[in-house]
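These notes concern the structure reproduced below.
Just so it is clear, the structure is predicted and the values come from calculations on it, not from any experiment.
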Amino acid sequence: TGRQTKQLCLTIWDIPAERVTDSTFWVLLFRMQVYPSKKNDASFLYTKLLTSLNSRPLMSNKESGPAEFYYPPATREAADQYHELARLALTTIPELGARSAKYSTLLLMNAAVDIAYRGIQDARPSSMDPEDSRILKLTARNFANYASTIDPKIVTDGTLGGALSNTWDLLDRLLQKLSVASSKPLDQHSAHAGRGEDMTSDFAKGLLKNLRASEGAA
């Protein structure tokens, strides 16, 4: 296919928290980009700086265990929006025994749907733009398709059932609210027709000869 399949990412394991949070490491790392020189070359990065994180040769991390790998989004796409990069950062945990990124993505999507619902929770009937509603409904359908592809074997802590149940509840709530918020406003004709009254009457045709109402009418 011409697609690159080489593993370009290498996980560095067992890094003490105090080392990765030490500003010295980041100063030296970004100095290479800000002040390029012969001293700040690739050999310094791979043989000294990165190895200082866990005090081990860089290649020793290769045998420490498998890590999930994803194709990064295209450069142009990443420059226009950082959604894919943010999703990878939020769902990929470089740790042995960690939840799979696919399952973490499901949990992240659940949170996003909950936020979307709370954003329109108080929307009045017929107040949403139909195009906005269409986009949200399409997104909800794609999310439902994604959730249905989760393999139970990748979730070993027994939480998948509860997460999927939450997914369907969230989607049901969202779609019900969208149906109300994006519904077309009722006019005198559609409201009249909805009550099953005679569509041949003057009122149904929009003709009002006077403003008198029958006795007891509000």
Do the non-hydrogen side-chain atoms of N166 and L170 ever get within less than 4.5 Å of each other? yes
What heavy-atom pair brings D14 and P16 nearest, and what distance separates the two atoms? O-CD, 3.4 Å
Roughly how far, to the nearest 0.5 Å, is the NZ atom of K137 from the OG atom of S179? 4.5 Å
Partners meeting side chain to side chain contact (heavy atoms under 4.5 Å, CB included) with L171 (sequence neighbours left out): V113, A140, F143, A144, T167, W168
Gap separating the CG atom of L58 from the OG1 atom of T47, nearest 0.5 angstrom: 9.5 Å
Could you work out, with side-chain hydrogen bond (donor to acceptor under 3.5 Å, both in side chains) as the rule, every residue matching Y103, not counting sequence neighbours? T159
With side chains defined as the heavy atoms from C-beta onward, is the minimum distance between I154 and L160 less than 4.5 Å? no
Atom pair CG/CD of N40 and Q33 - distance to nearest 0.5 Å: 11.5 Å
Can you name the side chain to side chain contact (heavy atoms under 4.5 Å, CB included) partners of V20, sequence neighbours left out? I15, W26
Going by side chain to side chain contact (heavy atoms under 4.5 Å, CB included), name the residues that satisfy it together with T139, two or more places apart in sequence or in a different chain. I135
Tell me every residue that passes side chain to side chain contact (heavy atoms under 4.5 Å, CB included) with P57, counting only those two or more places apart in sequence or in another chain. S60
Rest of the hydrophobic cluster containing Y35 (Ile/Leu/Val/Met/Phe/Trp/Tyr, side-chain heavy atoms under 4.5 Å)? V34
By side-chain hydrogen bond (donor to acceptor under 3.5 Å, both in side chains), which residues pair with R118, not counting sequence neighbours? D114
With the 4.5 Å side-chain cut-off for hydrophobic clustering, are L178 and I115 part of the same group? no
So how far is it from I150 CD1 to L164 CG, rounded to the nearest 0.5 Å? 7.0 Å
Can you check whether K177 reaches Y117 side chain to side chain, under 4.5 Å on heavy atoms? yes
Closest heavy-atom pair, S52 versus R19, reported as atoms and distance to 0.1 Å, is O-NH1, 2.9 Å
Can you list the residues that meet the side-chain hydrogen bond (donor to acceptor under 3.5 Å, both in side chains) rule with T24, with sequence neighbours excluded? D22
Same cluster for M32 and L28 if Ile/Leu/Val/Met/Phe/Trp/Tyr side chains link at under 4.5 Å? yes
For R141, I'd like to know if atom CZ has over 12 heavy atoms of other residues, nucleotides or ligands within 6.0 Å. no
Heavy-atom pair of closest approach, residues S183 and V180: OG-O, 2.8 Å
Please assess I12 against T51 for the test side-chain contact (heavy atoms from CB on, under 4.5 Å), listing each intermediate value before the final yes or no. CA-CA 9 Å; I12 300 178; T51 57; over 6 Å; no
Can you list everything that forms a salt bridge (charged side-chain N to carboxylate O under 4.0 Å, His left out) with D151? Sequence neighbours excluded, please. none
Might you point out which heavy atoms bring A163 and L106 nearest each other, and give the distance in Å? CB-CD2, 4.2 Å
The salt bridge (charged side-chain N to carboxylate O under 4.0 Å, His left out) partners of R134 (sequence neighbours excluded) come to E131
In short, F44 meets K39 closest at the heavy-atom pair CB-O, 3.7 Å
Would you list the pairs meeting salt bridge (charged side-chain N to carboxylate O under 4.0 Å, His left out) in which at least one residue belongs to residues 153-168, sequence neighbours left out? R99-D157
Co-members of the apolar cluster containing V27 [side chain, <4.5 Å]: none
Kindly compute the distance separating CG (L175) from OG (S133), expressed to the nearest 0.5 Å. 9.0 Å
Flag yes if more than 12 heavy atoms outside Y146 fall under 6.0 Å of its OH atom; otherwise flag no. yes
Nearest atoms (heavy-atom pairs only) where W13 meets R56: O-NH1, 4.3 Å
